[in-house]
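Take a look at the structure set out below.
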Amino acid sequence: MTVTRFAPSPTGYLHIGGLRTALFSWLTARHNGGKFLLRIEDTDLSRNSEEALEAIMQAFEWVGLDYDGDVVYQSKRFDLYKEYIDQLLEEGKAYRCYMSREELDALREEQMARKERPRYDGRYRDFSGEPPEGIEPVIRIKAPTEGEIIFEDGVKGEICIAADEVDDFIIARSDGTPTYNFVVAIDDALMGLTDVIRGDDHLYNTPKQIVVYNALGFKLPKFYHVAMINNEQGKKLSKRDGATDVMEYQKLGFLPESLLNFLVRLGWSHGDQEIFSIDEMIALFDPKDINKSASSYNLDKLLWLNAHYIKNMPNKELAEKLVDYGVSIEGHDRLEILLDATKERGKTLVELASQIELILTTPESYDPKAAKKAFKGEASEILRNFADTLREWDGELHLPADYHAVLEHYVEKSEIGFGKIAQPLRVSLLGSMTGSGVDEVMAIIGVEETIHRIDRAIFFIEKEK
RNA sequence: GGCCCCAUCGUCUAGCGGUUAGGAUCCCAGGUUUUCAUCCUGGUUACCGGAGUUCGAGUCUCCGUGGGGUCACCA
């Protein structure tokens, strides 16, 4: 059975790059009917934060990626790791190193001065003498000294790294706590991972982890190293580039399905298809199709996707989402007309909310340019006559089409062009020259409010004269 | 710097030895709409450079160049 995982360390919010690898892992598991596990890499007790953990879990919930079983916390498994450390020590596959931090730093500087690659020199690898006083040793694992470490990466192909590039790295700190590359290998093996999908910044950790797998006799999973996401300039994505925190996207008015669709297409594709529902992603995703090259983040495409998903979302659902953006219209009796009239002109929920606000609120002022253009000539008279026509209208007035009939009737009766009434009417209703159709707006706010807004506009026009 | 990885329109990508190099986004133009948006139609724009292999190379090989990653008692 396919088993994948996402394994963040709780040191900050969930980054969109992290979300993409999580998505790839999740899709791989779901596609194969396998399991997707969540593990928290919190072995460095000093760097963990409770808020970071909560932020990550919250982001996961928002986008709707579900995981199987319980969350695994590495900080709660120290006893387990200790057993493996002891085992390796006993088998002579690991050893105590009594070099102090100072000595290590000095060695590194020396090597750098000689323009060599800084690395541990293995001085305690076969040490059997009397250990120096007062030094708590670290535990190092014996990495192969010759040959090469080769593995097949599902994305990049065969990766071959000379053994002397991998030194005897530390598996337990002097305080006894285990380190990252050691516990990752153990947990991935023990949790039954079949496919490890992660960022390619981990590519160089893989040979180290393979050393651990081999020392402990574990079976290797398949590795996939996904290239990074860059900013629009092709450089590494940083906080300066705007939203990198997944939850930022919620605040900006993005739908989780838009973000997921956007991310799945960064480094993966299926022919010419751009729009993928979650079910389609699950059906079509295969990690072997992941691209080798890094991709750049592009906000325009995300906005386009978001507009698409907003347009196609049922109004009821949209209304529920809009509550978080300060718009409560769930009980509005013209909900359908209101959302049909607005959801095609908002790229984000934030924009949509302000469109709705614009219609529902009586304009306090008029856009000067629009007023100048629309409120000239006989505008106030035309508006007054139209309001009268509305008052006297004895037909049904519910749908936009009903209001349209009134407008048509008025235009015919008074022998004026459509624009003569439509333009001043729009500015009266919305305060601006652009926006939703006047038929829709009138149908949403009703006759009374329509007349109220017209009266206010007439008052404004007369006052300005 | 050592090692490793990568390279098609501005961006996301298709291509898997023979295509007028396709789609999407952005941008521009036209149409639809009383306006704006939507929608529809059309247009501009790309194989990093150089050798080689081959009848034929974006596709394979090598060398450059450019970009990225990594070299912790962080993860």
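Residue numbers begin at 1 in each chain, while the letters A, B, ... track the order of the sequences. Bear in mind the structure is a predicted one, so any value in this text is a computation, not a measurement.
OP1 or OP2 of B/A14 has at least one side-chain nitrogen or oxygen of A/Asn291 nearer than 4.0 Å. A sub-4.0 Å separation between OP1 or OP2 of B/C5 and a side-chain N or O of A/Lys156 is absent. OP1 or OP2 of B/U13 sits under 4.0 Å from a side-chain N or O of A/Ser295. Look at A/Ser296 and you won't find any side-chain N or O under 4.0 angstrom from OP1 or OP2 of B/U11. For the pair A/Arg108 and B/A72, the criterion of a side-chain N or O lying under 4.0 Å from OP1 or OP2 is met. Of the side-chain N and O atoms in A/Lys311, one or more sit less than 4.0 angstrom from OP1 or OP2 of B/C39. In terms of phosphate contacts, A/Thr43 brings no side-chain nitrogen or oxygen within less than 4.0 Å of OP1 or OP2 of B/C74.
Considering only heavy atoms from C-beta on, A/Tyr297 comes within 4.5 Å of A/Phe262 through its side chain. Put simply, the side chain of A/Leu107 reaches to within 4.5 Å of the side chain of A/Arg123, judged on heavy atoms.
Nucleotides B/U20 and B/U32 place their P atoms 36 Å apart, quoted to the nearest Å. Here, B/G49 and B/C55 have their C1' atoms 25 Å apart, quoted to the whole Å. Spacing of P atoms, B/C40 relative to B/G23, comes out at 15 Å, to the nearest Å. Comparing the P positions of B/U53 and B/C16 gives a spacing of 25 Å, expressed to the nearest Å. Between the C1' atoms of B/G1 and B/U19, the separation comes to 45 Å (whole Å). B/U25 and B/G67 have their C1' atoms separated by 23 Å, with the value rounded to a whole Å. For the C1' atoms, the distance from B/G18 to B/C60 is 15 Å, rounded to whole Å. B/A21 and B/A46 have their P atoms separated by 12 Å, given to the nearest Å.
Across the protein-nucleic acid pair, A/Arg119 atom CZ and B/U70 atom C1' stand 15 Å apart, rounded to whole Å. Rounded to whole Å, atom P of B/G1 lies 15 Å from atom CD of A/Glu165. Between the C1' atom of B/A24 and the CG atom of A/Leu263 lies a distance of 16 Å, rounded to the nearest Å. Look at CG on A/Asp44: it is 6 Å from P on B/C74, rounded to the nearest Å.
Nucleic acid contact class of A/Asp153 (heavy atoms, under 4.0 Å, all strands): none. Contacts of A/Glu274 with the nucleic acid, taken as non-hydrogen atoms under 4.0 Å apart, include base atoms. If you check every strand for non-hydrogen atoms under 4.0 Å, A/Ser293 touches sugar and phosphate atoms only. Among the atoms of the strands shown, only primed sugar atoms or phosphate atoms (P, OP1, OP2) are found under 4.0 Å from some heavy atom of A/Ser9. Counting any heavy atom pair closer than 4.0 Å across all strands shown, A/Ser432 reaches no nucleic acid atom. If you check every strand for non-hydrogen atoms under 4.0 Å, A/Ile159 touches sugar and phosphate atoms only. Contact annotation for A/Gly417: no contact, since no heavy-atom pair falls under 4.0 Å across all strands.
A donor-acceptor contact shorter than 3.5 Å links the side chain of A/Ser25 to the backbone of A/Thr21. When atom types are taken as modelled, the side chain of A/Asp439 and the backbone of A/Tyr403 share no donor-acceptor pair closer than 3.5 angstrom. Between the A/Thr179 side chain and the A/Ile170 main chain, a donor and an acceptor come within less than 3.5 Å of each other.
Annotation: A/Trp268 is not in aromatic contact with A/Phe24 [ring centroid separation under 6.0 Å not met].
Residue A/Arg265 has its side chain nearest to B/G23 when only B/G23, B/G69, B/C5 are considered. When each of B/C12, B/U34, B/A72 is scored by its nearest atom to the side-chain atoms of A/Pro118, the top-ranked nucleotide is B/A72. For A/Tyr204, the side-chain atoms get nearest to B/G2 when compared with the rest of B/C74, B/U11, B/G2. Of all nucleotides listed (B/C12, B/U34, B/A75), B/U34 comes nearest to the side chain of A/Val438. Closest contact between the side chain of A/Glu344 and the listed nucleotides B/U38, B/A75, B/C12 involves B/U38.
Counting atom types as modelled, A/Asp42 pairs no side-chain N or O with a base atom of B/A75 as donor and acceptor under 3.5 Å. Side chain A/Asp201 to base B/G69: no donor-acceptor pair is found below 3.5 Å.
Map A/His202 and A/Gly419 each onto its nearest nucleotide of RNA chain B; the residue landing nearer the 5' end is A/Gly419. Mapping A/Arg117 and A/Gly157 onto RNA chain B by nearest heavy atom places A/Gly157 at the nucleotide closer to the 5' end.
Between A/Tyr366 and A/Phe460, the ring-plane angle classifies as tilted under the 30° and 60° cut-offs.
For B/U70, the paired nucleotide is B/G2, the pair qualifying as Watson-Crick or G-U wobble because both relevant distances are below 3.5 Å. Base-pair partner of B/G64: B/C48 (Watson-Crick or G-U wobble, both distances under 3.5 Å).
Annotation: cation-pi geometry satisfied between A/Lys76 and A/Tyr73 (NZ/CZ under 6.0 angstrom from ring centroid, within 45° of ring axis).
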